[in-house]
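Notes follow the structure.
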Amino acid sequence: MKHLTLAALLALAATPAFAVVETSVTLSLGGTAEKRTVIYDCESHALTVTYLHAQPNFLAVVPITDDETGLTDDMVFVNVLSASGAKYEAGKFVWWNKGTDATLHDTTEGLDAAPLLQCAERIETP
């Protein structure tokens, strides 16, 4: 059985001011587990996304930058049902990839809103 350690940031609300604590989570994965890291070229920058696939769990770890603070944190997205491609959700965000293209959406912006990011998988040449 494979083991994978996934680092995550957890906010604790024990006091009115939030404290950020770094922790790690170890997942026990079956023999068919796969970890894949993909670099996407987005409009203004590169984005490195890690996919963790271990039936029945399919996760994506996507770095999200807060517009107000400029800080970037890794968010764990969970795969959900989609008509095509792979759709992952975390909080108000949706990361959706199909083939070599991917988009990041903010669901609070409405169904017809443009994506926050449009990305294409970087194809490495030998």
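Any value given below was found using the heavy atoms of this structure, including those in side chains, with hydrogens, waters and symmetry copies removed. Note that the coordinates shown come from a computational prediction; the quantities given were computed from them, not determined experimentally.
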Hey, what do you get for [atom1] ([X]) to [atom2] ([Y]), rounding to the nearest 0.5 Å?
X      : Y      : atom1 : atom2 : answer
Thr107 : His105 : OG1   : NE2   : 10.5 Å
Leu47  : Leu117 : CG    : CG    : 6.5 Å
Met75  : Leu59  : CE    : CG    : 13.0 Å
Lys35  : Thr50  : NZ    : OG1   : 6.0 Å

- Which pairs count as salt bridge (charged side-chain N to carboxylate O under 4.0 Å, His left out) when at least one residue sits in residues 38-48, sequence neighbours excluded? Asp41-Arg122
- Message: Applying salt bridge (charged side-chain N to carboxylate O under 4.0 Å, His left out) as the test, list every pair that has at least one member in residues 90-109; sequence neighbours left out.
- Response: Lys92-Asp106
Between [X] and [Y], what is the shortest heavy-atom contact and its length?
X     : Y     : result
Phe77 : Val62 : CE1-CB, 3.6 Å
Lys87 : Ser82 : CB-CB, 3.6 Å
His53 : Tyr88 : NE2-OH, 3.0 Å

- Message: Go through it in stages, so that I can follow the logic: the residues are Trp95 and Val49, the test is side chain to side chain contact (heavy atoms under 4.5 Å, CB included), and I'd like the CA-CA distance, side-chain angles, deciding distance and then a yes or no.
- Response: CA-CA 10 Å; Trp95 175 254; Val49 176; 3.8 Å; yes
- Task: Please check if the side chain of Asn97 supplies one atom and the backbone of Thr103 the other of a donor-acceptor pair under 3.5 Å.
- Result: no
- Other ILVMFWY residues reachable from Val94 by side-chain steps of under 4.5 Å: Trp96
- Which other residues belong to the hydrophobic cluster containing Leu71, where Ile, Leu, Val, Met, Phe, Trp and Tyr are joined when side-chain heavy atoms lie under 4.5 Å apart, directly or via other members? none
- Are Thr48 and Thr37 close enough, and set up right, to give a side chain to side chain contact (heavy atoms under 4.5 Å, CB included), and what steps lead you there? CA-CA 7 Å; Thr48 301; Thr37 301; 3.4 Å; yes
- Query: Tell me, which pairs form a disulfide bond (SG atoms under 2.5 Å apart) where one or both residues lie in residues 39-78, sequence neighbours left out?
  - Reply: Cys42-Cys119
- Message: Please list all pairs meeting disulfide bond (SG atoms under 2.5 Å apart) that have one or both residues in residues 44-101, counting only residues at least two apart or in different chains.
- Response: none
- Under 4.5 Å between any side-chain heavy atoms of Phe93 and Leu104, yes or no? yes
- Message: For the aromatic rings, using the six-membered ring if either is Trp, is the centroid distance between Tyr51 and Phe58 under 6.0 Å?
- Response: no
